[in-house]
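Index from 1, following the sequence.
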Amino acid sequence: MSTDVFEYDVVVVGGGVAGLTAACSAAEHGARVALVDRATEAETGGNTRYTEAFLRMRSLEETADGLEDTLVDDFMGHPDPSVTNEAAVNPDRRSALYRSHHLVDPDYVAELAAEAPGTLAWMTGHGMRFDVLPTPFLTTSTTRMAPVGGGLAIVETMGKAARGLGVEFHFETTARSLVVDADGGVAGIAARTPRGTVELRGRVVLASGGYQGNAELMARYHGGRALTTRPVARGGGYNKGEGLEMALAVGAATAGNFSLFHAEPVDPRSGEPEAAIFCFPHGVLVNAAGERFVDEARGPVDAWYERTTRDIQAQERGVAWVVLDQQGLAVPNLRAGIRTDKPAVTGATLAELAGRIGVPADTLERTVAAYNAACPDPAGFDHRAPDGLATTGLVPAKSHWARPITDGPFEAYPIMAANVFTFGGLKTSAAAEVVDRDGRAVPGLYAAGELTGLYYSNYTGSTSVLRGATFGRIAGREAATSGVRG
Ligand SMILES: Cc1cc2nc3c(=O)[nH]c(=O)nc-3n(C[C@H](O)[C@H](O)[C@H](O)COP(=O)(O)OP(=O)(O)OC[C@H]3O[C@@H](n4cnc5c(N)ncnc54)[C@H](O)[C@@H]3O)c2cc1C
């Protein structure tokens, strides 16, 4: 079978926020651009299509307070100071070890903070609108904005802008490998379409998302935990990790924690995108044995839900139940944090509820009685902020909003850890160049979005779309103007 070859200046892999911003930006800089996506046109956009796309911004002009520190402080290892101290020296004098180091790159984070507002203004120029919109979180630790119409508006509006700029879209076209010139520079991709194999030549921007849609890679990096998670929305199923594999094959360095993914608490019974359950700070979480295992309320729910979800995943079959009474359910706006389309399991008594959710009734009754006995005087309860109403003498404690669960009928929802995106990815420079293991830019290869590594322990919420857009735009510009391949 012959391979059709198409010539472009820039080839973008992936039609989510990172790919679309890269394509628009490259085209604006005069490049002939192709965008390939393995999905059909009706399903293009991966995760971006399904997200509300909250952005960690204070206003359109300013990123949220503390953005840079939160991202940099997320690194949880013990880096070698003899290497990391080079952050302070002139970039020209940094060693290969520093440039390829597996660490949050402060230059990358600074570039994100500097370029995010301009990126949103640029997207506004292409027809996007942004506003402060309601979140599902009862308590929050930061400020957020979002595109009106969510991620779908990004796919549709930036997709329209790209077409207007002359970008050629190739759907049902799956990038499989990189084409590499004799000098080691990346010169295109080889891809599969329903009609056969094609080669698209040009400098390459990889924006194909994480590997959450690939069971083999999930098991390789996450072991047994891979079995008790699944993508939070069907768009993640398209992200099967070829971008990562292709770049690793040409020697790319990595960043981000390959043993973790961004975990969100969702109802495993639901097929809706992001059927999230964020109401657990106002109830108790119990495992299959009917026992509590975690402090349900360590702080604002937006800052803590990921860590709590990891604790849920560590339970038998990776599932827990949140149990609420009528007092908890009456917390203003609580239902906004219950996004499943499946009904609660109810019981007039705790014993009845236990029978319906399949946990031992005597243990559940004992667990709730011990919790109730440890709750303080409820005066001072404040659902709007961590209120310090903490249990005493209970292990594990509940640090806020600890009020007795006595007022039936009772309700319960199951919760599992959904995989929003994988943390491990490619290391890129602040100019979105893919960096190799000797800290050099791989000629002709750029990457942006979920595919690039940044997070290590706890996802800095509402930064994935923001950095996808920011570095997508940078990658497109750099790929169009680098002149590595003329
Ligand atoms: C329900 C939900 C809620 C979320 N909420 C937020 C939020 O509020 N704020 C936030 O910042 N983030 C949020 N996220 C995460 C965020 O949406 C994603 O991380 C981000 O949109 C990823 O953008 P991307 O362009 O890197 O990848 P994607 O949008 O996933 O796009 C990747 C594209 O690459 C294509 N592709 C994959 N492999 C190949 C291949 N080999 N060849 C060709 N094409 C390929 C896919 O089909 C897809 O179109 C959420 C995600 C979901 C699903």
Next item on the list: Using only heavy-atom distances, determine whether the side chains of Thr157 and Arg129 contain a donor-acceptor pair under 3.5 Å.
Entry: no
Next item on the list: Look only at the side chain of Arg356 and the backbone of Thr346, and say whether a donor-acceptor pair between them is shorter than 3.5 Å.
Entry: yes
Note to self: Is it the case that atom CZ in Arg384 sees more than 12 heavy atoms from other parts of the structure closer than 6.0 Å?
What the structure shows: no
Next item on the list: Using the test side chain to side chain donor-acceptor pair (under 3.5 Å), find all partners of Ser457 that sit at least two apart in sequence or belong to another chain.
Entry: Asp74
Margin query: Distance alone, cut at 3.5 Å: any donor-acceptor contact between the side chains of Asn419 and Gln212?
Written below: no
Notebook entry, point to check: Does Thr124 use its side chain to pair, donor to acceptor, with the backbone of Leu120 at less than 3.5 Å?
Noted result: yes
Note to self: Suppose we call two aromatic rings close when their centres sit under 6.0 Å apart. Are His222 and Phe261 close by that rule?
What the structure shows: yes
Notebook entry, point to check: What is the ring orientation for Tyr211 with Phe258, classed by angle as parallel under 30°, tilted 30 to 60°, or perpendicular over 60°?
Noted result: parallel
Next item on the list: Could you grab the distance from atom CG of Asn458 to atom CE of Met76, nearest 0.5 Å is fine?
Entry: 10.5 Å
Check: Do Asp387 side-chain atoms and Trp401 backbone N/O form a donor-acceptor pair below 3.5 Å?
Finding: yes
Next item on the list: Using a cut-off of 6.0 Å, state whether more than 12 heavy atoms not belonging to Arg234 lie near its atom CZ.
Entry: no
Check: With a 4.5 Å heavy-atom cut-off, do Thr428 and Tyr446 have their side chains touching?
Finding: no
Note to self: Check this for me, if you would: do Arg339 and Glu274 make a salt bridge, where the nitrogen-to-carboxylate-oxygen distance has to be below 4.0 angstrom?
What the structure shows: yes
Notebook entry, point to check: Which word best sums up how the rings of Tyr305 and His262 line up, parallel for under 30°, tilted for 30 to 60°, or perpendicular for over 60°?
Noted result: tilted
Notebook entry, point to check: Who passes side chain to side chain donor-acceptor pair (under 3.5 Å) against Thr470, sequence neighbours left out?
Noted result: none
Margin query: Is it the case that the side chain of His400 and the backbone of Leu389 share a donor-acceptor pair, with hydrogens and angles ignored and the cut-off at 3.5 Å?
Written below: no
Check: Any salt bridge (Lys or Arg N to Asp or Glu O under 4.0 Å) pairs touching residues 396-413, not counting sequence neighbours?
Finding: Arg335-Glu411
Next item on the list: Determine, step by step, whether Leu244 and Leu451 satisfy the side-chain contact (heavy atoms from CB on, under 4.5 Å) criterion, reporting the C-alpha distance in whole Å, the side-chain angles of both residues, the deciding distance to 0.1 Å, and the verdict.
Entry: CA-CA 7 Å; Leu244 176 68; Leu451 165 63; 4.0 Å; yes
Notebook entry, point to check: Just by modelled atom types, is the Arg310 backbone N or O under 3.5 Å from a matching donor or acceptor in the Arg225 side chain?
Noted result: no
Note to self: Please report whether the ring centroid of Tyr221 lies less than 6.0 Å from that of Phe423.
What the structure shows: no
Next item on the list: Go through the steps for Met123 and Arg473 under the test side-chain contact (heavy atoms from CB on, under 4.5 Å), then give the verdict.
Entry: CA-CA 10 Å; Met123 291 172 78; Arg473 182 183 180 219; over 6 Å; no
Next item on the list: State which residues pass side chain to side chain donor-acceptor pair (under 3.5 Å) with Thr70; sequence neighbours excluded, sorted by chain then number.
Entry: none
Notebook entry, point to check: Does Arg292 reach the main-chain N or O of Pro396 with its side chain, forming a donor-acceptor pair under 3.5 Å?
Noted result: yes
Margin query: Taking Ala417's backbone N and O only, do any of them form a donor-acceptor pair with Thr229's side chain (distance below 3.5 Å, no angle check)?
Written below: yes
Next item on the list: Could you list the residues that satisfy side chain to side chain contact (heavy atoms under 4.5 Å, CB included) with Val36, not counting sequence neighbours?
Entry: Val13, His170, Thr173, Ile189, Leu200
Checklist line | Pair listing, salt bridge (Lys or Arg N to Asp or Glu O under 4.0 Å) test, anchored in residues 149-158, at least two apart | finding: none
Checklist line | Criterion salt bridge (charged side-chain N to carboxylate O under 4.0 Å, His left out) against Arg144, the qualifying member of Asp302, Asp65, Asp131 | finding: Asp302
